[in-house]
Amino acid sequence: MKTIYLDNNATTQVDPAVFEAMKPYFTELYGNPSSMHRFGGQVGIKLKEARASVANLLGCAPEEIIFTSCGSESDNTAIRSALAARPERRHIITTAVEHPAILSLCKFLEKRDGYEVTYLGTDDRGRLDLEEYKAAIRPDTAIVSIMWANNETGNIHPIEEMAKIAKEHDVFFHTDAVQAVGKVDIDLSKVPVDMLSLSGHKLHGPKGVGALFVRKRLPFRPYLIGGHQERSRRAGTENTTGIIALGKACELAREHMKEENTEVKRLRDKLETGLLKAIPDTKLNGDPEHRLPNTTNISFGYVEGEAILLMIDQMGIAASSGSACTSGSLEPSHVLRAMGVPFTFAHGSIRFSLSRFNTEEEIDFVIEILPPIIKNLRKLSPFSADKKAPACTKSFSE
Amino acid sequence: MWEYTDKVKDHFLNPRNVGTLEDADGVGEVGSLACGDALTLYIKVDDEGKISDAKFQTFGCASAIASSSALTEMLIGKTVEEAEKVSNKDIAEYLGGLPREKMHCSVMGQEALEQAIKNMRGEAPSKMEHSHEGELICECFGVFDEEILHAIKENDLKTVEDVTNFTKAGGGCGKCIPDLERLLAEAHGEGVCPTPSSKPAFPAEGMTNIQRMHLIESIIDNDVRPKLQADGGNIELVDIDRDAVVVRFLGMCSGCPSSQATLKNLVETALREKVDPALTVREG
Ligand code: FES
């Protein structure tokens, strides 16, 4: 059975051209870029090219890029570096809808090291409030960390404006742009963020490689200490194959950016409209306007997410569920909770995230196959819009 | 993705006995939309006291649907007395096992069965109402102490994680975790009906090293830290070496001229009183 992969915010297919680019560096060109000999040196040259390619995609200088192992490492490095650079500042601002790489770290810093953290809330569409943000900034705020785009709803946050405000208050600004890079135009020569995280496997590169942009002259404290790689800003022998692949992935992302915002978006919109029209009691989660072109998060009322996922899995469709039953925790996703999505809908939410490798036929198939699946699951369910009101309406939020 | 047995998959994809029974003799309804799973079970009992038909409607994940389907299959043909003995373990076994994190689905089946039999006997107030007893422990999932104690005993649960897997309590905000710890201790007979001679002279008496360390940690986290934080300070536990507890002050407390007094009067006093009078506390 062919897989229809609609879970690209979880991870993406490595572009065949990216795979080709990295292959020789496993077998023939395996030199250590730090070595003095030419065999290693030629790999060093490729790393330089890769750095330039990442910088090109972001509109920054190659020296402002540090290669890391993943988005989470980039996030951790950024926040810990900012705190170490200004140890007298004990306050962090972030949002309630961040990725666990930020949220868990902030919770840890709160509990272990006594930092204070403000978690900005959202409205029912997942949008942040600029006034709430401004009011949260304090003289002892060390860093603001706000994701460029949300992984579950695709919402794009007003990063440029928020970064400017942070600048005005002399506060470091970091953005986790793992979901945004390669999907939306990012020009760091215009947007005054201090640090930005990205991850290779979210833009058709391999897993195990990421990057952190650190603006020139920003005080920086390394997280990994050891050798002198990355100009002493991140120790450890470089993941050369991964970095070369990331460089290629960024080059391709630039080439495909327009397609991402036209063709991928068209297919996403077709899927979204098709499902919302064909299936009653459905609801779109997130901001319909300011959103990643590839993401749609739809709630199917009165059915549970995992059941939907497993049913569509039988048909070869891979997507993600916002209900927590799939993830080991039992609550609906913290993003949907923060948005106040009612229980009727929160448990039955599915995220479809597309890529340039999806086709029209695939989308047509999903639109055809999903309505009867939801209908069958609803037949099984003791709840429905006309049968009875939700048994319990209490809120999960503390 | 969860690893489900073929039988779970089969019952999920081809659920048996779906629907309602208009002339049911007993109806059991448990769970809610808020909890993410709910089950309504209908049973019909013939003149000989045998369950002649059973049907269900479930809102929930694959294991919830499979557990409900399995339950109806297990019930049909049994006498009510036999049915009463069906436990959540039997449901899980019938399915060839469930992931541990999904055991609460089988517990939901057993509860619905209990409710249906009560309803049949006219014991339950009405078929649509829960008859929760005791104290509400987990607000996130609406779980009461009775249910938790029952699950602990029935399945020999040992840890909070077990309790969450079987009842969902503790799987949300985590506020109820101290209560779950208390119920676990209670169910295992710890601290229940102490005879005067068995009462420890101080709280940590008879504890293992690990238990004693946990107690010290929790006193620092829950009693000491909030007080220091109120004044912009903080404390971190550095080491525990027999009776010596080493801590570090953070924030406003570090370098504070009265930190020695805080160390003795607040930290040491609390630990001596709530853990062990032999403890001494120093900065390190
Ligand atoms: S009250 Fe139990 S998890 Fe929130």
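Every chain is numbered from 1 and lettered A, B, ... according to where its sequence line falls, protein lines coming before strand lines.
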Hey, is the main chain of B:Gly36 close enough, under 3.5 Å, to the side chain of A:Glu304 for a donor-acceptor pair?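 No; zero donor-acceptor contacts below 3.5 Å.
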Report the option among B:Thr20, B:Leu13, B:Leu250, B:Asp221 that has the most heavy-atom pairs separated by less than 4.5 Å from atoms of chain A.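 When all of B:Thr20, B:Leu13, B:Leu250, B:Asp221 are compared, B:Leu13 has the most.
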Partner chain A: residue of B:Ala64, B:Gly60, B:Gly19 with the largest heavy-atom pair count (under 4.5 Å):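 Ranked by heavy-atom pairs under 4.5 Å with chain A, first place is B:Gly60.
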Nearest-0.5 Å distance that lies between atom [atom1] in [X] and atom [atom2] in [Y]:
{"X": "A:Ser381", "Y": "B:Asp37", "atom1": "OG", "atom2": "CG", "value": "11.0 Å"}
{"X": "B:Cys61", "Y": "A:His347", "atom1": "SG", "atom2": "NE2", "value": "11.0 Å"}
{"X": "B:Phe12", "Y": "A:Glu306", "atom1": "CZ", "atom2": "CD", "value": "7.0 Å"}
{"X": "B:Ile65", "Y": "A:Leu310", "atom1": "CD1", "atom2": "CG", "value": "9.0 Å"}
{"X": "B:Phe59", "Y": "A:Leu377", "atom1": "CZ", "atom2": "CG", "value": "10.5 Å"}

Give a yes or no on whether a salt bridge exists between B:Glu236 and A:Lys111, defined as a side-chain N under 4.0 angstrom from a carboxylate O.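 Answer for the salt bridge query: no.
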Measure distances from B:Tyr4 to the heavy atoms of chain A and classify the residue's part below 4.5 Å as side chain, backbone, both or neither.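 For B:Tyr4, the contact with chain A is made by the side chain alone.
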A:Glu88 versus chain B, heavy atoms under 4.5 Å apart: side chain, backbone, both or neither?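 Contact with chain B involves no heavy atom of A:Glu88 at all.
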Given heavy-atom pairs under 4.5 angstrom as the criterion, report whether the side chain, backbone, both or neither of A:Asp113 touches chain B.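 Contact with chain B involves both backbone and side-chain atoms of A:Asp113.
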Can you list the residues that meet the side chain to side chain donor-acceptor pair (under 3.5 Å) rule with A:Ser72, with sequence neighbours excluded?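 A:Ser72 satisfies side chain to side chain donor-acceptor pair (under 3.5 Å) with no residue once adjacent residues are dropped.
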Checking A:Asn151 now: which residues fulfil side chain to side chain donor-acceptor pair (under 3.5 Å) with it, not counting sequence neighbours?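 A:Asn151: no side chain to side chain donor-acceptor pair (under 3.5 Å) contacts found.
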Closest-packed option against chain B by number of heavy-atom pairs under 4.5 Å, given A:Glu116, A:Arg90, A:Arg112: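 Heavy-atom pairs under 4.5 Å are most numerous for A:Arg112.
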Dump the intermediate steps for side-chain contact (heavy atoms from CB on, under 4.5 Å) on B:Val18 and A:Leu380, then the final yes or no. CA-CA 6 Å; B:Val18 175; A:Leu380 266 176; 3.4 Å; yes
Within a radius of less than 6.0 Å around CD of B:Glu161, do more than 12 heavy atoms belonging to other residues, nucleotides or ligands occur?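 Result for CD/B:Glu161: open.
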